[in-house]
J.: 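Structure in structure tokens, see below.
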Amino acid sequence: MLEKEYDPKDIEQKWYDVWLEHNYFHARDDDGSRKPYTIVIPPPNVTGVLHMGHALNNTLQDVMIRFKRMDGYNALWMPGTDHAGIATQNVVEKYLASQGRSRHDLGREAFIEEVWKWREKHGGLIITQLKRLGASCDWDRTRFTMDEGLSNAVKKVFVSLYEEGLIFRSDYIVNWCPRCHSALSDLEVEHEEEDGHLWHIRYPYAEGSGEVIVATTRPETMLGDTCVAVNPSDERYTDLVGKSVILPVMNRRIPVIADFMVDKEFGTGAVKITPAHDLNDYEMSIRHNLDVVVIIDESGIMNENAGPYQGMDRFDCREALEKDLQDQGYLVDKTPYRVPVGKCYRCKSVIEPYLSKQWFVKVRPLAEAAIKAVEEGRTRIVPKQWEKVYYEWMHNIRDWCISRQIWWGHRIPAWYCDACDEIIVSENEPAACTRCKNGTLRQETDVLDTWFSSGLWPFSTMGWPDQTPALKTFYPTDVLITGFDILFFWVARMMMLGIKFMGEVPFRDVYLHALVRDEQGQKMSKSKGNIVDPITEMDKYGADAFRFALTAFAAMGRDVRISDKRVQGYRFFINKIWNAGRFVLANIEGLDPDRGALDSAALSIADKWILTELNRTIAGARAAFEDYRFNEAADILYQFTWHTFCDWYIELSKPMLAGEDSLSAKWVLYTVFKAILELLHPIIPFVTEEIWQCLPGQGKDSIVITSYPRERKEFDYSADAELMGTIIEVISGVRSIRGETGISPSVQLDVVIRVANPEVQSLLGLNRVYIKELARVREVVFITGTDQHPKRCALAVRKGLEVYVPLEGVVDIEKEMERLDKQKAKVHKELEDKRKKLSNRNFVEKAKKDVVEEQMRLRDELEFELKSLQKAHELLAG
RNA sequence: GGGCGGGUAGCUCAGUUGGGAGAGCGUCGGCCUUACAAGCCGAAGGUCACAGGUUCAAUUCCUGUUCCGCCUACCA
């Protein structure tokens with residue numbers, strides 16, 4: 001028996017432990033009897049704490065995996081965490097700093113050990129939190145991107161791509177974070193427009209008098225200028241090309257060159273070129289064979305090439321230089337200007353374009369295969385609109401900088417020979433230089449971009465490069481569920497690397513969900529203080545309510561706005577289910593569910609109706625899940641559970657249960673409610689298990705592994721269900737009159753019903769008990785088409801029926817007349833619209849036949865209603 | 001600069017082949033009807049951003065305008 005109040009705290013932990021104990025979440029590699037269904041988790045950062053994004057992402061995955069598990073699949077949800085190189089290193093460095101230590105004090109090896117220790121201690125938190133959410137991952141398989149197996153996969157991939165020429169090492173301008181002391185990929189830079197300035201600076205001619213004025217948003221870079229460039233077609237500067245100007249302050253002679261990249265329209269049409277600190281400038285320097293002068297160091301400090309500014313921070317230098325330029329008369333102008341600023345996505349420091357030697361992946365050939373896979377539909381991106389974004393990015397893809405100058409991560413498996421400068425790339429440390437045989441080897445100190453290893457996730461977690469049974473069974477995976485924000489970072493790279501190394505796409509479907517925002521639609525952030533904490537929500541309302549809320553708001557392609565209030569709303573829903581469970585359990589005594597279905601002759605019209613509705617709900621929910629329309633699935637199930645089953649069927653069942661022949665009602669109550677629990681289980685696993693376990697019946701282990709409900713042909717009673725719909729209309733008609741005329745629910749009424757169709761009338765008569773009970777009616781009287789309208793009555797017109805409630809002595813007649821007037825006006829207007837439409841010959845001729853018929857039917861209904869209202873009005877008056 | 005998404009009831013949002021505008025919350029009125037007051041019954045509330053076009057018919061398709069959000073970009 002269920003407690004009076006539902007308390008999630010008691011239940012959730014209990015059932016989760018049971019599920020683990022019975023290994024329900026484990027998928028077997030060797031289960032040949034069932035079709036596999038696989039999802040790999042987007043691995044959260046090992047240092048992470050569960051936030052709303054995780055909660056949404058993992059709830060949706062759990063919904064799918066539980067649905068498929070129940071539906072008979074060998075369902076694997078592969079869990080794990082990501083080593084998150086820069087983020088984790090930052091966290092541990094911060095921790096060391098709190099003790100007054102730095103990673104440099106420790107040295108590389110000791111620092112890495114420190115990170116492992118940190119991970120040992122704190123790395124399990126997010127896993128614990130996922131369990132709290134109810135995630136049904138196959139925990140025995142939990143992987144970490146730095147595990148030995150996954151690290152071997154990384155090495156193998158690196159070596160293989162290198163040997164194929166798809167990985168190379170080169171000098172290039174990269175995005176450098178002066179705080180993280182590392183290069184970043186293009187994706188790891190966040191672009192923003194900020195208020196800045198445009199400085200116009202005078203560069204005097206080296207020979208003769210005159211000057212050229214250049215415009216820049218970063219004056220400090222002029223210290224590293226090695227030329228001034230103009231457009232070759234710019235007549236203003238034709239004579240100047242090939243001559244020299246003097247770089248102010250530094251008093252260096254630099255040439256003026258012509259390059260087609262220069263925009264004549266911008267500024268003065270002359271641009272200063274700083275090859276070491278600007279990508280465009282660097283590429284131009286290659287074309288023109290220019291000098292390259294590095295003036296800023298790895299920490300953003302001006303170096304020895306910056307002359308008097310050596311040792312200054314780059315922004316301090318800007319100020320100092322501006323003053324000097326001003327004092328010396330070189331500064332022509334300084335105007336406000338919106339400037340694009342790149343920032344480190346991890347620490348928000350301003351990125352410095354920086355010339356350095358880095359490792360790159362030549363991604364274009366990989367991207368082409370990944371594009372083709374989506375074009376050919378081997379991988380489907382849902383919602384489809386993201387396909388375009390995917391193509392756009394893939395088509396314009398640039399080489400991927402994969403080396404990071406940090407310590408925590410997969411160290412690049414490359415060795416340099418200090419004797420002959422040979423680079424040896426190998427999975428294992430080479431014993432000697434492969435070329436000169438006698439040089440000393442030192443390993444590359446850089447580590448790989450974290451996304452390089454997570455790009456292998458769908459197969460590295462399954463044991464690749466070994467051809468494991470898991471790999472054979474579960475790759476390719478069925479769906480990847482993740483946020484659109486990592487489409488490029490992660491999804492695209494898994495596509496490229498999966499196709500490359502497995503020869504097959506990593507997933508059939510990619511479902512991209514939206515970001516979770518706060519109530520006002522703002523991105524959640526610590527600084528804004530608008531974080532909604534998943535754990536807090538679960539403490540307050542339970543994991544089920546929280547999960548249902550997330551599922552219900554996961555509409556395709558839309559932001560998910562979460563608010564405490566909404567979660568509370570779904571907490572009420574959980575409570576509703578709980579109470580329905582109490583009702584059902586209290587009323588099915590004597591029922592032996594194992595004796596099978598009753599024959600249909602024993603079923604009441606209400607029974608047939610709810611079974612038919614159940615079938616529709618099952619079909620709707622299944623289709624919605626299959627198409628990742630999570631909010632629709634939630635909506636359909638919510639609607640059916642609360643408003644169809646609880647509001648109507650339970651009420652309809654009460655008179656049946658009170659009667660002599662209550663067995664069919666008991667059986668239906670049990671059957672439908674059990675199905676409701678099973679239908680809802682993927683979304684709200686805990687409460688459904690708790691109640692399900694209380695239901696009678698044998699051979700039950702857990703709702704987790706029971707079959708997901710299917711439509712049953714023998715439950716389809718569409719014709720009878722329609723009559724039940726009519727009964728419901730009658731009841732709501734009476735209730736409506738009651739509500740609008742202010743008749744107290746405690747007052748018993750009589751009802752007169754006019755039905756045109758004699759068959760319907762007789763069936764209504766047979767089922768009058770429902771009307772009596774649910775509308776609180778004493779007598780139901782039927783009249784036929786030829787009978788007089790009853791006098792002094794309120795009227796409700798529904799579906800070709802007139803429902804009269806005699807008002808004599810019950811309510812103010814004047815008021816009822818007013819009400820009828822209002823009603824009449826409304827119906828009249830609608831009727832006019834219909835008539836107008838139907839009198840339009842174009843419509844009648846051109847519209848589809850069934851549409852016209854429908855309109856005619858509606859017109860007739862409205863006419864009937866209007867006529868009824870008019871007569872009722874007259875009789876009320878008389 | 002390019003691209004994408006959005007503007008529907010007071011609020012948050014659904015609305016998939018174009019054919020009588022929906023839900024939840026909130027509001028108002030009435031109910032402790034023996035599963036549930038975390039509940040039940042009833043009601044009010046919208047020129048579907050604006051302007052054109054296609055069509056017998058447009059919230060839905062097309063064009064333009066405007067406002068908001070996001071992604072992307074090597075114009076100093």
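In what follows, every chain begins at residue 1, and chains take the letters A, B, ... in the order their sequences are listed.
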J.: Counting heavy atoms from C-beta on, name the nucleotide in B:rC40, B:rC71, B:rG24 closest to the side chain of A:Phe488.
T.: B:rC71
J.: If you check the A:Thr216 side chain, which of B:rG19, B:rA76, B:rG42 turns out closest?
T.: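 Nearest nucleotide to the side chain: B:rA76.
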J.: A:Gln385 has an atom CD; how far is it from atom C1' of B:rG5, in whole Å?
T.: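 That distance rounds to 7 Å.
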J.: In whole Å, measure the gap between the P atoms of B:rG64 and B:rU12 for me.
T.: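 Going atom to atom, P in each nucleotide, I get 29 Å.
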J.: Under 3.5 Å, is there a donor-acceptor pair linking the side chains of A:Lys272 and A:Thr221?
T.: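 Result is yes, a qualifying pair exists.
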J.: According to the Watson-Crick and G-U wobble definitions, with both distances under 3.5 Å, which nucleotide is paired to B:rA58?
T.: none
J.: Between B:rC41 and B:rU33, how far apart are the C1' atoms? Round to whole Å, please.
T.: 10 Å
J.: Would you say B:rU72 has OP1 or OP2 under 4.0 Å from some side-chain N or O of A:His191?
T.: no
J.: Which whole number of Å gives the distance between the P atom of B:rG45 and that of B:rG39?
T.: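 Roughly 25 Å separates the two P atoms.
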J.: Let's test this: given Watson-Crick or G-U wobble pairing with both distances under 3.5 Å, identify the partner of B:rA49.
T.: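 Partner of B:rA49: B:rU65.
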J.: Please tell me which of the listed nucleotides, B:rA76, B:rC74, B:rC36, lies nearest to the side chain of A:Pro340?
T.: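 Of B:rA76, B:rC74, B:rC36, B:rA76 is nearest to the side chain of A:Pro340.
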J.: Would you check if there is a donor-acceptor pair between the side chains of A:Tyr345 and A:Glu188 at a distance under 3.5 Å?
T.: yes
J.: Is there a donor N/O on one and an acceptor N/O on the other, under 3.5 Å, for the side chain of A:Arg629 and the base of B:rU16?
T.: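 Checked by distance alone, the answer is yes.
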J.: Return yes if a side-chain donor-acceptor contact under 3.5 Å exists between A:Tyr172 and A:Asp399, otherwise no.
T.: no
J.: Taking atom P in both B:rA58 and B:rA51, what distance in whole Å separates the two?
T.: 14 Å
J.: In whole Å, measure the gap between the C1' atoms of B:rA49 and B:rG69 for me.
T.: 15 Å
J.: Just compare B:rC56, B:rC4, B:rA43 and give me whichever is closest to any side-chain atom of A:Lys388.
T.: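 That would be B:rC4.
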J.: Between A:Lys654 and B:rA35, does any side-chain N or O lie under 4.0 Å from OP1 or OP2?
T.: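 Answer is yes, contact under 4.0 Å.
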J.: B:rG22 C1' sits how many Å from A:Tyr638 OH, rounded?
T.: 14 Å
J.: Of A:Asp186 and A:Arg735, whose closest RNA chain B nucleotide lies nearer the 5' terminus?
T.: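 On the 5' side of the pair lies A:Arg735.
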J.: When you compare the side chains of A:Asn175 and A:Tyr354, does any donor N or O come within less than 3.5 Å of an acceptor on the partner?
T.: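 There is no such pair between these side chains.
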J.: Within the structure shown, what part of the strands sits under 4.0 Å from A:Tyr337 by heavy-atom distance: base, sugar-phosphate, or nothing?
T.: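 Sugar-phosphate, no base atom in range.
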J.: Can you measure A:Tyr6 atom OH to B:rC36 atom P for me and round it to whole angstrom units?
T.: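 Between P of B:rC36 and OH of A:Tyr6: 18 Å.
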J.: So what does A:Asp647 hit on the nucleic acid, given a heavy-atom distance under 4.0 Å: a base, only sugar-phosphate, or nothing?
T.: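 The answer is sugar-phosphate, as A:Asp647 gets under 4.0 Å only of primed atoms, P, OP1 or OP2.
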J.: Are A:Arg738 and B:rG29 close enough that a side-chain N or O sits under 4.0 Å from OP1 or OP2?
T.: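 It does not, given that no N or O in the side chain of A:Arg738 lies less than 4.0 Å from OP1 or OP2 of B:rG29.
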J.: A:Glu192 has an atom CD; how far is it from atom C1' of B:rC71, in whole Å?
T.: 14 Å
J.: From the set B:rC31, B:rC56, B:rA43, return the single nucleotide nearest to any side-chain atom of A:Pro745.
T.: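 Per side-chain heavy atoms of A:Pro745, the pick is B:rC31.
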J.: Please pick, from B:rC36, B:rA76, B:rG42, the nucleotide with the shortest atom-to-atom distance to any side-chain atom of A:Ala215.
T.: B:rA76
J.: Quick check on B:rA43: is either OP1 or OP2 less than 4.0 Å from any side-chain nitrogen or oxygen of A:Ser736?
T.: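 Checking B:rA43 against A:Ser736, a side-chain N or O does come within under 4.0 Å of OP1 or OP2.
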J.: For a side chain to side chain contact (heavy atoms under 4.5 Å, CB included) with A:Arg202, tell me which candidate from A:Val212, A:Asp333, A:Val214, A:Val332 qualifies.
T.: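 Passing option: A:Val332.
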J.: Distance between the P atoms of B:rC31 and B:rA23, in whole angstroms?
T.: 25 Å
J.: So which nucleotide does B:rG18 pair with, by the Watson-Crick or G-U wobble rule with both distances under 3.5 Å?
T.: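 Across all strands, not a single nucleotide pairs with B:rG18.
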J.: Rounded to the nearest angstrom, tell me the gap between atom CD in A:Glu392 and atom C1' in B:rC71.
T.: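 After rounding, the gap between these two atoms is 10 Å.
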J.: Looking at B:rG20, I'd like to know if its phosphate oxygens (OP1 or OP2) sit under 4.0 Å from a side-chain N or O belonging to A:Gln855.
T.: yes
J.: Can you tell me which nucleotide in B:rC74, B:rG39, B:rG42 comes closest to the side chain of A:Leu279?
T.: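 From the listed options, B:rC74 comes nearest.
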J.: For B:rG1, which nucleotide is its Watson-Crick or G-U wobble mate, given both distances must be under 3.5 Å?
T.: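 B:rU72 - that is the nucleotide pairing with B:rG1, both distances being under 3.5 Å.
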J.: Under 4.0 Å between a side-chain N/O of A:Trp393 and OP1 or OP2 of B:rG2, yes or no?
T.: no
J.: Base, sugar-phosphate, or nothing: which does A:Arg571 touch, judged by heavy atoms less than 4.0 Å apart?
T.: base
J.: Work out how far the C1' atom of B:rG22 is from that of B:rU16, and round it to whole angstrom.
T.: 16 Å
J.: Quick check for you: among B:rC36, B:rA76, B:rA14, whose closest atom lies nearest to any side-chain atom of A:Asp263?
T.: B:rA76
J.: Write down the distance between CZ (A:Arg566) and C1' (B:rC11), rounded to a whole number of angstrom.
T.: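 Value for this atom pair: 8 Å.
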J.: Kindly say whether A:Lys540 contributes a backbone atom to a donor-acceptor pair with the side chain of A:Arg571 at under 3.5 angstrom?
T.: no
J.: Run the ring-centre check on A:Phe546 versus A:Tyr570 and record whether the distance is less than 6.0 Å.
T.: no
J.: Record whether the side chain of A:Lys576 comes under 3.5 Å of the base of B:rC36 through a donor-acceptor pair of N or O atoms.
T.: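 Donor-acceptor pair under 3.5 Å: yes.
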J.: Indicate whether any N or O donor in one side chain lies under 3.5 Å from an N or O acceptor in the other, for A:Lys576 and A:Thr641.
T.: no
J.: I want to confirm an ordering. Mapping A:Val851 and A:Ile650 to their closest nucleotides on RNA chain B, which one lands closer to the 5' end?
T.: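 Nearest-nucleotide comparison on RNA chain B picks A:Val851.
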J.: Expressed in angstrom and rounded to an integer, what is the separation of A:Asn396 atom CG from B:rA73 atom P?
T.: 9 Å
J.: Given B:rA76, B:rU16, B:rA35, which nucleotide is nearest the side-chain atoms of A:Glu632?
T.: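 That would be B:rU16.
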J.: Please report the distance separating the P of B:rA44 from the corresponding atom of B:rC28, rounded so that it comes out in whole Å.
T.: 16 Å
J.: Who is the Watson-Crick or G-U wobble partner of B:rU27, with both distances under 3.5 Å?
T.: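 Base partner found: B:rA43.
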J.: Quick one: which of B:rA76, B:rA35, B:rC56 gets closest to the side chain of A:Lys846?
T.: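 Looking only at side-chain atoms, A:Lys846 lies closest to B:rC56.
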